[in-house]
2 protein chains.
Amino acid sequence: MATKKITSLEVAKLAGVSQSAVSRVFTPGASVSKKTNEKVRKASSKLGYRPNILARSLITGKSRIIGLVVAHLDNYFYPEALELLSNALQKKGYHVLVFMVAKTAGNIDDIVDEILDYQVDGIILASVSMSSNLASRCTAAGVPVILFNRTQDDDRLSVVTSDNFLGGKQVAQFLIAGGHKRIAYIAGWEGASTQRDRESGFVDELKKQGRSLYTREVGNFIQDDARQAARKMFTNDEIPDAVFVASDDMAFAVMDVIRFELGLKIPEHVSVVGYDDVPIASWPAYDLTTIRQPANRMVAETVSIILESIEDQDTKPRRIQIDGPLIMRGSTRISSNASGENE
Amino acid sequence: MATKKITSLEVAKLAGVSQSAVSRVFTPGASVSKKTNEKVRKASSKLGYRPNILARSLITGKSRIIGLVVAHLDNYFYPEALELLSNALQKKGYHVLVFMVAKTAGNIDDIVDEILDYQVDGIILASVSMSSNLASRCTAAGVPVILFNRTQDDDRLSVVTSDNFLGGKQVAQFLIAGGHKRIAYIAGWEGASTQRDRESGFVDELKKQGRSLYTREVGNFIQDDARQAARKMFTNDEIPDAVFVASDDMAFAVMDVIRFELGLKIPEHVSVVGYDDVPIASWPAYDLTTIRQPANRMVAETVSIILESIEDQDTKPRRIQIDGPLIMRGSTRISSNASGENE
DNA sequence: TAATTATTTGCATTCGTATGCAAAAAATAT
DNA sequence: ATATTTTTTGCATACGAATGCAAATAATTA
């Protein structure tokens, strides 16, 4: 009921000093004598005073809020990243304001406007891209923008991804080395750079080794779509003997279809490879061979870039690619006659 | 570089009106003539003006920010809830500021202090509880607090949970009806009210039907611990023929141990029941019988309570229990000779 | 048309904190 | 003890928008 807010002025009165003195006590690096400091601290804790971050932001121009836009919280890679991100930023005195966006990402721009309304110090777009026009707006407002797990050709934006092209390539090499002949691909949402890069790395390498895709379907990074894609792909006369699925999340759905709907065995009848290495991939029920996206390192880079950009407005946007290893597990077979296929 | 902020004053100048006029145009329900409205809108969009939420908050005392404290983003129930929550609040013009807290929840109080610094309009604690002292602070500050999926005896706090006691009871009834004789339980973290309620509902019903727990281990709502618990539980001479695991998340780990480490069959050798009904539970690889926690309804209640409390400071805290059904799937057997066991 | 009422508008102040500047106090040097 | 330098302090103002109040304008009525 009694909604009373303790302000610096009241603390000042109790401590017998000026409001500025109180402010200085709570401003690191300001000039305050030991005695004043003590008086103020005492009065503050007596009244339960804490500085109002919003009022402070108004004058400093820094809110210590980072806006985060996420679409796919259902793909476990993102909650994991969010947790790491939030923890890392928290340690630095920042906090994350979350903005969810429809998976069928449309009007990101409106959302970003909302974010800017909060005077955030920086913006992280997880698996989402923004219009060039809006990028200008952010730049003009001095708000650094970082794309996380998504690329875009705009040198005003920083980008942190895994090396998706290399990842795709590694999968191709691995599958060919494993002696697979009919190699298929289930794509993610084709608007996503990660999808495109994974696929072109994959297909490029196949070509380089004189192969080509046996079948291709689209799963849009959505489990239901992936299931559909799998059903279509595996009801032909001659099914693929290996399939690379553009994300672990979809791969699980695909494996379920292969095993429980079609009664096929993994990897005996078909090898499955995913992408991300989310925790579930290592659960024995799936035991999925996959490319690891090192969420921790990606997050660490993201945080360091954003903090640097905030502290020094003149920091140039950076583009970081972190490569992750192929994690070999039981969902893929390794034939013994795998050899001699290097160009 | 050119960090220029457009303020209402600049818009006012361009539009040839006063700053107050601009403010009124952006304040729903304020008195503005059609003509002024047009002039201001025009000038605003020309300059790209948007009101500064922080400055507004300072004077209105409302930030349109909701603080959310989460611990277990690795249990899929929470990302799901977060997504629903954020979406629902977004629709109402609110946004979620996320605070992660260690799973071994200790100093929640410090975190809540940080939250209050942001002048949030409300606080949601997901699976986390707070000291009574701090509850007073929040009440005094006029900030409503809602516990999500966790109870606590404090009538200043609102609480939204599923009916965990009833859930536990349902599981007991179901397992007994299924003809199980040696019924075990793997507990969550014992500091959690959800854990306690699930267990007491479960054990109470067993007793009522003249049974008792065959074995009990603790999994702390952590997969690794659950695995350990399962190993211990299933290496005795006579293993349980049914086990109720306090969360789906742990149940998956337990199932993996049972099947892949111990080579037992589910449900032939042992039935497994979980709690939450996260999406993975319905994946055929697990096909887990479980109690559904209706995240959508829980979130809807949470949002409606928090908004109501914000709009009307005199709203009394509420305690909502939403009951969820038992979802019968393939991880439990239903024996035919299940009968005559009522007291 | 004049008188009365309803709407708009601008002025000035407020929210809570930070900070440039000049005065005061303390510390140091001469 | 005095002069000089350094540190601390308070005053006053600024941040950007919202709002009570009174003046100005428009709409309504007689």
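A, B, ... follow the sequence lines: proteins, then strands. Residue 1 opens every chain. If you're wondering where the values come from, they're calculated on a predicted model, not measured in any experiment.
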Practice task
Give the nucleotide from the list D:dA17, C:dG10, C:dT17 with an atom nearest to the side chain of B:S18.
Solution key: C:dG10
Problem - Separation of D:dA14 C1' from A:K62 NZ (nearest whole Å) - result: 17 Å
Completion exercise
Rounded to whole Å, the CZ-P distance (B:R64 to D:dA17) equals 17 Å
Exercise for the section: Please state whether the rings of A:F77 and A:F148 are parallel, tilted or perpendicular, taking 30° and 60° as the class boundaries. Expected result: parallel
Exercise for the section: Specify the residues of residues 33-42 of chain B, ordered by number, for which at least one heavy atom lies under 4.0 angstrom from an atom of DNA chain C. Expected result: B:S33, B:T36
Problem - A:S23 vs C:dT17: side-chain N/O to OP1/OP2 distance below 4.0 Å - result: no
Problem - Under 3.5 Å donor-acceptor, A:S309 side chain and A:I305 backbone - result: yes
Problem - N-O pairing of A:R137 and A:D109 below 4.0 Å - result: no
Handout entry: Close side-chain approach of A:F221 to A:N75, heavy-atom, < 4.5 Å
Key = no
Handout entry: Atom-pair distance (CG on B:L9; P on D:dA18), nearest Å
Key = 13 Å
Practice task
Under 4.0 Å between any heavy atoms, over every strand shown, what does B:V32 touch: base, sugar-phosphate, or nothing? Just pick one.
Solution key: sugar-phosphate
Practice task
Among C:dT17, D:dA18, D:dG10, find the nucleotide with the atom closest to the side chain of B:I59.
Solution key: D:dA18
Exercise for the section: Give the rounded distance in Å between these two atoms: CD of B:E10 and C1' of D:dA17. Expected result: 13 Å
Handout entry: Side chain proximity check, A:N52 to B:L58, heavy atoms < 4.5 angstrom
Key = yes
Exercise for the section: Please state how far atom CD in A:Q119 lies from atom C1' in D:dG16, giving the value in whole angstrom units. Expected result: 9 Å
Problem - Along DNA chain C (nearest heavy atom to each residue), the more 5'-positioned of A:A55 and A:R24 - result: A:A55
Problem - Nearest-Å distance for atom pair CD1/P, residues A:I53 and C:dA18 - result: 10 Å
Practice task
Kindly say whether A:M100 contributes a backbone atom to a donor-acceptor pair with the side chain of B:E83 at under 3.5 angstrom?
Solution key: no
Practice task
Respond yes when some side-chain nitrogen or oxygen of B:Y49 is under 4.0 Å from OP1 or OP2 of D:dA17, and no when none is.
Solution key: yes
Handout entry: Over-ring placement of A:R41 relative to A:Y49, 6.0 Å and 45° cut-offs
Key = no
Handout entry: Base D:dC15 paired with A:T60 side chain (donor-acceptor, <3.5 Å)
Key = no
Exercise for the section: Can you check whether any acceptor in the base of C:dC15 is under 3.5 Å from a donor in the side chain of A:T7, or vice versa? Expected result: no
Exercise for the section: With heavy atoms under 4.0 Å as the rule, sort B:S31 into base, sugar-phosphate or nothing. Expected result: base
Practice task
Would you tell me whether B:S23 and B:R56 have side-chain atoms, one donor and one acceptor, within less than 3.5 Å of each other?
Solution key: no
Practice task
For A:V17, report the nucleic acid contact type (base, sugar-phosphate, nothing); a contact means any heavy atom under 4.0 Å.
Solution key: sugar-phosphate
Practice task
Please report, rounded to the nearest Å, how far the C1' atom of C:dC15 is from the CG atom of B:N52.
Solution key: 13 Å
Exercise for the section: Send over the distance from B:F26 CZ to D:dG16 P, rounded to a whole Å. Expected result: 16 Å
Practice task
Counting heavy atoms from C-beta on, name the nucleotide in C:dA12, C:dA18, D:dA17 closest to the side chain of A:R56.
Solution key: C:dA18
